[in-house]
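These numbers were taken from a predicted model, which means no experiment stands behind them.
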Amino acid sequence: QVRLVESGGGLLQAGGSLRLSCAASGRTNSIYAMAWFRQAPGKERAFVTRITWNGGSTYYADSVKGRFTISRDKAKNTMYLQMNSLKPEDTAVYYCAAGKLGVTSPNEYDFWGQGTQVTVSS
């Protein structure tokens, strides 16, 4: 079992920056990839970005490419999402996820955090 705890969400104006963190505990050696998803009100959970835990290979949704950066600190078992140039359409609950497969589908991830709200005002 892997436990994930997100932090760092908040309310800010468009154009601002925010960094989310996701701390992993438990059987972290079973993780192949970790990812960030987001869910806006009335919408399905959407892929944001992914990183492979050992190799650090990254992949981004087109909507965040060039603005968001995913990274991880293996020593701290923590993943980060640096979000710059935020837009109102980035408003959502952001979830971190971990799994043995892990590309862009939520079904490829086995463990989820509780989510953290990010609200971007215009």
Side-chain angles (χ1 to χ4, degrees):
Q1 197 75 2
V2 175
R3 182 169 180 255
L4 303 173
V5 179
E6 301 102 333
S7 61
L11 169 65
L12 70 166
Q13 291 187 330
S17 298
L18 201 61
R19 189 175 83 155
L20 305 182
S21 300
C22 174
S25 60
R27 297 186 62 184
T28 56
N29 59 355
S30 68
I31 297 173
Y32 167 73
M34 293 185 70
W36 290 97
F37 286 79
R38 64 187 181 186
Q39 189 165 17
K43 295 188 176 180
E44 293 186 353
R45 194 166 295 190
F47 172 78
V48 176
T49 179
R50 179 221 72 179
I51 188 167
T52 57
W53 191 246
N54 286 323
S57 175
T58 60
Y59 184 75
Y60 295 90
D62 288 343
S63 58
V64 305
K65 204 172 292 183
R67 300 188 298 122
F68 290 11
T69 302
I70 190 172
S71 62
R72 90 279 190 241
D73 184 330
K74 294 175 65 178
K76 295 182 179 180
N77 282 336
T78 300
M79 175 179 66
Y80 303 98
L81 181 64
Q82 178 66 44
M83 304 185 292
N84 298 328
S85 301
L86 281 160
K87 305 175 182 180
E89 51 263 44
D90 295 317
T91 295
V93 177
Y94 283 71
Y95 297 91
C96 70
K100 296 179 181 178
L101 296 175
V103 187
T104 61
S105 170
N107 295 331
E108 296 167 337
Y109 294 87
D110 304 300
F111 306 103
W112 292 84
Q114 81 287 353
T116 186
Q117 177 71 46
V118 173
T119 303
V120 184
S121 63
S122 57

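- Of all heavy-atom pairs spanning Arg72 and Thr52, the tightest one is NE-O, 3.7 Å.
- Under the 4.0 Å criterion applied to side-chain N and carboxylate O atoms, Asp90 and Lys87 are not assigned as salt-bridge partners.
- A distance of 9.5 Å separates CE of Met34 from OG1 of Thr28, quoted to the nearest 0.5 Å.
- Taking 4.5 Å as the limit, some side-chain heavy atom of Thr91 sits within range of a side-chain heavy atom of Gln117.
- Summarising the geometry of Leu86 relative to Leu12, their closest heavy-atom pair is CD1-CD1, 3.6 Å, with the distance given to 0.1 Å.
- Linking ILVMFWY side-chain heavy atoms closer than 4.5 Å, directly or via other members, places Phe37 and Val2 in two distinct hydrophobic clusters.
- Heavy atoms from other residues, nucleotides or ligands lying under 6.0 Å from NZ of Lys65 number more than 12.
- In terms of modelled atom types and a separation under 3.5 Å, the side chain of Thr78 and the main chain of Ala23 share no donor-acceptor contact.
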N/O donor-acceptor pairs under 3.5 Å from side chains in residues 96-113, not counting sequence neighbours:
from, atom 1, to, atom 2, distance (Å)
Ser105, OG, Asn107, N, 3.2
Glu108, OE1, Val103, N, 2.8
Glu108, OE1, Thr104, N, 3.1
Glu108, OE1, Ser105, N, 3.1
Tyr109, OH, Gly102, O, 3.4
Tyr109, OH, Val103, N, 3.3
Tyr109, OH, Val103, O, 2.7
Asp110, OD2, Lys100, N, 3.3

Practice task
Give the C-alpha distance, both sets of side-chain angles, the deciding distance and a yes or no for side-chain contact (heavy atoms from CB on, under 4.5 Å) between Gln114 and Glu6.
Solution key: CA-CA 7 Å; Gln114 81 287 353; Glu6 301 102 333; 2.8 Å; yes

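- Closest approach of Ala35 to Met79, counting heavy atoms only: O-CE, 3.4 Å.
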Handout entry: Steps toward side-chain contact (heavy atoms from CB on, under 4.5 Å) verdict (Val118, Arg38)
Key = CA-CA 9 Å; Val118 173; Arg38 64 187 181 186; over 6 Å; no

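- The nearest pair of heavy atoms linking Pro88 to Ser121 is CG-C, 4.4 Å.
- Within the structure, ring-ring contact (aromatic ring centres under 6.0 Å, His included) contacts touching residues 48-101 (residues at least two apart or in different chains) are Phe47-Tyr59.
- Under the side-chain contact (heavy atoms from CB on, under 4.5 Å) rule, Thr116 has a single partner from Leu20, Leu18, Val5, which is Leu20.
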Practice task
Assess whether side-chain contact (heavy atoms from CB on, under 4.5 Å) is satisfied between Arg45 and Val93, documenting all intermediate values.
Solution key: CA-CA 9 Å; Arg45 194 166 295 190; Val93 177; over 6 Å; no

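- With a 6.0 Å radius and a threshold of 12 heavy atoms from other residues, nucleotides or ligands, Lys74 has its NZ atom above the threshold.
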